[in-house]
Structure formats: C-alpha cells, structure tokens
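As structure tokens, the structure follows; a few thoughts come after it.
All figures in this text were calculated on a predicted structure; none of them were measured in a lab.
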Amino acid sequence: MPSKVIVGAQWGDEGKGKIIDILASQADLVVRSQGGSNAGHTIVVDNETYKLHLIPSGILYPNTLCIIGNGVVVDPKTLLQEIEMLKSRNIFNAQLKIDARAHVVMPYHVVLDELSEIARGKSEIGTTKRGIGPCYMDKAERSGIRMCDFINKDIFEQKVREIISNKNQIIEKVYGGRPLDPDAIIEEYTGYGKLLAKYVSDTTIDIYNAIKEDKNVVFEGAQGTLLDLDVGTYPYVTSSHPISGGVCVGAGIGPTLIDECIGIAKAYTTRVGKGPFPTELHGEIGDRIRTAGSEYGTTTGRPRRCGWFDAVIVRYSVRINGLTSLAINKLDVLSGLEKIKICTAYKLDGKIISEFPADLNDLSRCVPVYEEFEGFHGDISNIKKYEDLPENAKKYLEAIERECGCKISAIGVGPERTQSIDKY
Ligand code: GDP
Ligand code: IMO
Ligand code: MG
C-alpha cells in the first residue's frame with residue numbers, strides 16, 4: 001500500500017473515519033494534516049462506537065503510529081479528554097505524536113468564535129464554535145501559539161501575557177463580552193502542556209522517513225472539499241484546506257510523495273451549517289434519509305441537511321483533488337426508496353451548466369437537473385461482494401462513476417468496519 005490521501009468529496013461527514021480505520025489495519029502511519037476538533041470521525045467496531053475529533057482514526061490499531069501534523073489546530077483540553085476516553089476503554093497505546101509546529105486553540109479562540117457568530121446574526125456561518133477560525137486567523141496574523149511554545153512554561157506564559165490584552169479588548173470593546181483572566185489561563189494550560197509534552201516532536205521527519213522506507217502512510221482528511229477555504233462554498237467554509245493539496249502544507253511533505261488520492265462521498269449529500277445546497281430535500285424524503293442515516297452531527301449534534309447525490313459537486317472534487325478513486329458510503333440508507341436521483345447538471349438562468357460555480361449568488365439560483373433511477377429494496381447491509389448487490393443499486397453506482405468521471409473502489413453498506421465492499 002503506497003501513500004494514500006483520503007479526502008471528503010462533499011461537505012464533510014462522508015464516513016472518512018470508517019474508511020481510514022479500514023485502511024489503517026495495514027498502515028504504519030495515519031496522519032491528520034488540517035482542521036481541529038471541529039472534525040468528528042466515527043468508527044464502529046463490534047457495536048462499539050468511537051467518536052474522534054483530533055486523534056487520527058488509526059488509533060484503534062496498536063502498531064499504527066498516529067500523527068497530528070503541523071497544519072492541525074490542537075485544542076489541548078479536547079485532546080486530553082480524547083486520550084482519557086480511549087484509555088478508559090483500554091485502547092490508548094501511546095502511539096501518538098503531535099508536530100511541534102501545530103498551533104494551539106486557546107480559550108479566547110473559542111470565545112471569539114462564539115461572539116463573532118452572534119455578531120453576524122442572520123449571516124452566521126454556523127461554525128462548530130470550536131475556535132477553529134480564530135486560531136487559524138492568529139496563525140496567519142503571526143500571533144499564534146505553537147505546540148513547541150506551549151510546552152515551554154516560560155515562553156508560553158510570556159506569549160499569553162503579550163496576546164491577552166489585545167484579545168480582551170476585542171472581546172470587550174468590539175463584542176461586549178467578558179474579558180478572560182490571563183493568570184487562570186496560564187495555570188490551567190501550563191498543566192495541559194506538561195501532560196502533552198511527551199507527544200510533541202518534529203513529525204515531518206517521521207512522515208518523510210516512513211515514505212522513503214516504503215511504509216504505508218494514510219493521510220486522514222477532515223471536513224470536505226466544499227468546506228475548503230479557497231475552493232469551497234466561501235464564506236460558508238472552514239478555515240483550513242481539506243483538499244488533497246492541503247496535505248503537502250499541513251503534513252510538511254512534497255507532492256511527489258503522494259501516490260493515491262481517494263475521495264469519500266455518501267450515496268446522497270448532506271451538509272451542516274449554512275449556505276446554498278442545490279439538491280437539498282426539504283420534505284418527507286429528506287426526513288427519511290436523515291432518520292435512516294442517523295444524520296446528526298458527530299461534533300455538535302445538529303441535524304444534517306440532506307439531499308440527492310450531486311454529481312456536479314463530486315465531479316468538481318475529482319478535478320480539484322486529482323482523485324484516483326471514490327468510496328461511496330451509506331448506500332444502505334437509500335434502500336426502500338421507490339426512486340432515487342442523481343443531479344447531473346444545474347440550470348442557471350435558463351442555461352445548463354455542468355461545472356460547479358464559484359459565485360455563491362449563482363449557486364443559490366442553480367436548479368438541479370436530475371437523472372432518475374428505479375430504487376432498490378431489502379437489507380443490503382450484509383452483502384460482501386459487488387456482484388451480490390441489487391441490479392438497481394449497481395446501475396445507480398455505475399451512473400455515479402460515469403457522471404463523476406472516476407472509478408468507485410469501495411462501497412459502504414453499514415457503519416461497521418466490516419460493512420464495506422471492495423469494487424476492484
Ligand atoms: P466523517 O466525519 O467523514 O468521519 O463522518 P462522520 O463519522 O461524521 O459521519 C458518518 C456517519 O455515518 C457515522 O455515524 C458513521 O458511523 C456512519 N457510516 C459510515 N459509513 C456508513 C455506511 O456505509 N452505512 C451507514 N449506514 N452508516 C455509515
Ligand atoms: P468532519 O471531519 C461537517 C462546517 C461547520 C460550518 C463550517 C465552518 O467530521 O467531516 P468551523 O467550526 O470549521 O469554523 O465551521 O464548516 N464543518 C463541518 N461540517 N463535517 C466536519 O468535519 C466539519 N467541520 C466543520 O458546520 O458549516
Ligand atoms: Mg464528521
């Protein structure tokens with residue numbers, strides 16, 4: 001298995017955690033390269049559910065080294081809670097490393113995320129309120145705190161004292177919020193720094209050496225292509241680069257070291273948060289998909305908006321990420337519907353367009369052009385071979401391949417590790 005990048009091909013929550021857990025069984029390294037605890041990746045093994053936000057989804061395998069790369073923003077409190085959760089379930093094996101250059105999500109980032117969302121009023125983004133945007137803002141503004149600073153007590157204290165008065169002015173004077181106490185932050189977070197120090201090192205060396213030694217490396221994408229800061233549905237995006245190109249920056253590797261890019265999509269479309277969603281289903285079918293697919297956010301518990309599979313979006317993801325194959329999850333959720341639809345193009349002001357528009361004004365006026373398929377029926381969740389899927393399900397998957405211009409390598413028929421069918 002060469003080095004593989006796994007990315008979300010839609011708006012996140014495509015079942016990346018499940019696929020990464022499956023690939024991790026043969027991986028030496030699993031590496032997160034962007035995002036933070038806004039991610040919520042679910043793994044189900046023998047009816048046990050694990051929800052991970054920061055720790056890579058390879059952690060269930062004792063011999064797999066899990067790396068939180070330089071491009072991730074790390075909330076130390078959430079990370080320690082996650083480590084404790086795994087320890088309490090006898091999982092955590094200390095095969096975890098955090099890059100010294102990764103930035104730290106501080107309490108003022110979380111407060112500013114909440115306050116700026118309130119201030120936006122009706123134009124809110126619908127963030128996860130995990131402090132992600134404000135932390136990346138500080139990184140770009142060069143006032144962030146990195147893990148190497150965080151675990152050095154004196155430098156950390158000095159940085160917090162330098163930064164806090166400016167943050168408190170914004171909290172109080174711009175947003176009318178309550179200022180934070182620097183002494184309390186320094187005390188609490190110095191304690192977290194002590195606990196996390198043993199995991200911190202230059203992980204770019206481990207990743208480079210592993211690839212050079214022909215080891216199996218999986219790069220775990222968080223969020224999805226349409227949440228990318230550059231190519232996503234801006235401003236309704238996250239503040240990092242969940243696309244395959246983001247891996248090079250966020251893991252500190254060159255593009256020549258990546259062999260495969262696998263895009264994960266659902267057999268339909270979901271999104272949490274605000275912003276245009278052309279194939280969104282507001283009535284009974286949308287509710288049925290939400291219920292059958294348990295479409296509620298892993299991080300925030302918010303109901304996910306549901307709609308038909310949008311091939312315009314996934315085709316765009318194939319191009320932007322240079323995908324070598326697609327994994328289509330949650331096919332089982334569509335079973336029992338009389339008809340199923342794929343959006344193959346949009347109608348915009350009377351014209352048919354086949355490319356995903358950059359302008360959100362245009363996107364919000366796009367009307368989907370659908371191809372309709374006969375539904376498939378019965379419980380498909382125990383099927384192990386592609387040939388055994390109902391004929392109508394295979395027709396649907398083949399149409400996805402045709403419309404997206406990319407082969408499907410795996411199909412998900414249930415949340416368990418074992419419920420995935422290899423197509424090739
Ligand atoms: P991620 O953020 O991309 O890792 O996805 P989430 O974990 O947020 O959401 C995906 C949800 O779908 C989780 O509850 C998974 O357990 C579940 N899931 C993944 N693949 C399948 C599948 O093929 N069928 C069904 N029914 N559920 C799945
Ligand atoms: P995983 O890795 C789905 C969405 C939020 C919001 C926007 C910005 O589980 O697929 P942020 O808190 O990042 O500033 O919020 O991005 N969002 C996600 N949606 N899955 C995710 O992660 C997400 N991470 C962020 O809902 O619309
Ligand atoms: Mg998720």
Side-chain angles (χ1 to χ4, degrees), residues 32 34-39 52-55 67-88 92 94 96-119 127-203 239-240 250 299:
R32 271 279 302 267
Q34 44 73 225
S37 60
N38 50 348
L52 300 169
H53 301 285
L54 275 163
I55 296 182
I67 290 180
I68 295 176
N70 57 274
V72 177
V73 288
V74 181
D75 183 327
K77 202 171 172 174
T78 312
L79 179 56
L80 284 162
Q81 280 166 359
E82 221 164 289
I83 292 173
E84 281 313 308
M85 179 273 289
L86 290 171
K87 274 186 183 163
S88 72
F92 195 67
L96 176 72
K97 290 190 180 187
I98 309 164
D99 195 83
R101 300 174 182 88
H103 279 246
V104 180
V105 177
M106 295 292 293
Y108 44 81
H109 293 137
V110 178
V111 169
L112 286 167
D113 198 355
E114 281 167 2
L115 292 173
S116 63
E117 280 285 88
I118 293 168
T127 74
T128 58
K129 301 198 172 109
R130 297 298 184 110
I132 306 300
C135 185
Y136 278 117
M137 278 164 72
D138 279 2
K139 176 177 177 175
E141 202 235 355
R142 290 149 297 174
S143 60
I145 296 179
R146 301 191 298 167
M147 285 305 294
C148 50
D149 307 322
F150 178 57
I151 59 171
N152 182 317
K153 189 176 168 297
D154 297 336
I155 294 178
F156 178 64
E157 176 165 356
Q158 184 200 328
K159 287 207 175 268
V160 173
R161 294 205 188 282
E162 269 168 29
I163 296 164
I164 198 82
S165 66
N166 172 278
K167 295 295 175 197
N168 274 342
Q169 290 211 43
I170 300 172
I171 289 170
E172 274 189 285
K173 295 186 181 153
V174 177
Y175 296 115
R178 284 180 49 199
L180 301 176
D181 173 5
D183 295 322
I185 293 176
I186 290 163
E187 195 188 332
E188 182 183 352
Y189 278 67
T190 301
Y192 300 151
K194 267 192 201 153
L195 293 170
L196 290 176
K198 64 179 175 195
Y199 302 113
V200 178
S201 64
D202 184 344
T203 64
S239 300
S240 69
T299 300

(request) For the residue pair I132 and V73, establish whether any side-chain heavy-atom pair is separated by less than 4.5 Å. (result) yes

(request) Locate the shortest heavy-atom distance separating I164 from P182; write the atom from each residue and the value. (result) CG2-CB, 3.8 Å

(request) Identify the two heavy atoms, one from E162 and one from S165, that lie closest to each other, and give their separation to 0.1 Å. (result) O-OG, 4.2 Å

(request) Please assess H103 against D138 for the test side-chain hydrogen bond (donor to acceptor under 3.5 Å, both in side chains), listing each intermediate value before the final yes or no. (result) CA-CA 9 Å; H103 279 246; D138 279 2; over 6 Å; no

(message) Just verifying a value: how many Å separate Y192 OH and I185 CD1, rounded to the nearest 0.5 Å?
(response) 11.0 Å

(message) Let me confirm one number: the CD1-CZ distance from I186 to R161, rounded to the nearest 0.5 Å.
(response) 3.5 Å

(message) Are F156 and K159 packed together at the side-chain level, in the sense that at least one heavy-atom pair is separated by less than 4.5 angstrom?
(response) no

(message) Atom CE of residue position M137 - does it have more than 12 heavy atoms of other residues, nucleotides or ligands inside 6.0 Å?
(response) no

(message) Does E187 have more than 12 heavy atoms from other residues, nucleotides or ligands lying within 6.0 Å of its CD?
(response) no

(request) For the residue pair E84 and K87, establish whether any side-chain heavy-atom pair is separated by less than 4.5 Å. (result) yes

(message) Going by side chain to side chain donor-acceptor pair (under 3.5 Å), name the residues that satisfy it together with Y189, two or more places apart in sequence or in a different chain.
(response) none

(request) Quick one: pull up OG in S116 and CD1 in I171 and give me the separation to the nearest 0.5 Å. (result) 11.0 Å

(request) Determine, stepwise, if the pair N168 / K173 fulfils side-chain contact (heavy atoms from CB on, under 4.5 Å). (result) CA-CA 8 Å; N168 274 342; K173 295 186 181 153; over 6 Å; no

(request) Give the minimum heavy-atom separation between K129 and V110, together with the two atoms involved. (result) O-CG1, 3.7 Å

(message) Test side-chain contact (heavy atoms from CB on, under 4.5 Å) on L54 and Q81; report intermediate values, then the result.
(response) CA-CA 10 Å; L54 275 163; Q81 280 166 359; over 6 Å; no

(request) Kindly compute the distance separating NZ (K153) from CD1 (I155), expressed to the nearest 0.5 Å. (result) 12.0 Å

(request) Might you point out which heavy atoms bring G35 and Y136 nearest each other, and give the distance in Å? (result) N-OH, 2.9 Å

(request) Any chance you could measure Y108, atom OH, to I163, atom CD1, to the nearest 0.5 Å? (result) 4.0 Å

(message) Using every non-hydrogen atom in the two residues, find where G133 and S239 come nearest and quote the distance to one decimal.
(response) CA-OG, 3.3 Å

(message) Within the structure provided, determine whether V104 and P76 are in side-chain contact (heavy-atom separation under 4.5 Å).
(response) yes

(request) For the residue pair I98 and T203, establish whether any side-chain heavy-atom pair is separated by less than 4.5 Å. (result) no

(request) Can you see which heavy atom on L115 is nearest to which on G177, and at what distance? (result) CD1-CA, 4.3 Å

(request) Using a 4.5 Å cut-off on heavy atoms from C-beta on, say whether the side chain of D75 contacts that of H109. (result) no

(message) Checking side-chain polar atoms at under 3.5 Å, does T127 have a donor or acceptor matched by the opposite partner on D113?
(response) yes

(request) Check whether any side-chain heavy atom of K167 lies under 4.5 Å from a side-chain heavy atom of L180, and answer yes or no. (result) no

(request) Find the distance between OG (S201) and CE (M147) and round it off to the nearest 0.5 Å. (result) 10.5 Å

(message) Tell me whether N38 contacts the main-chain N or O of G36 through its side chain, where contact means a donor paired with an acceptor under 3.5 Å.
(response) yes

(message) Measuring only between side-chain heavy atoms, which start at C-beta, is Y199 closer than 4.5 Å to I68?
(response) no

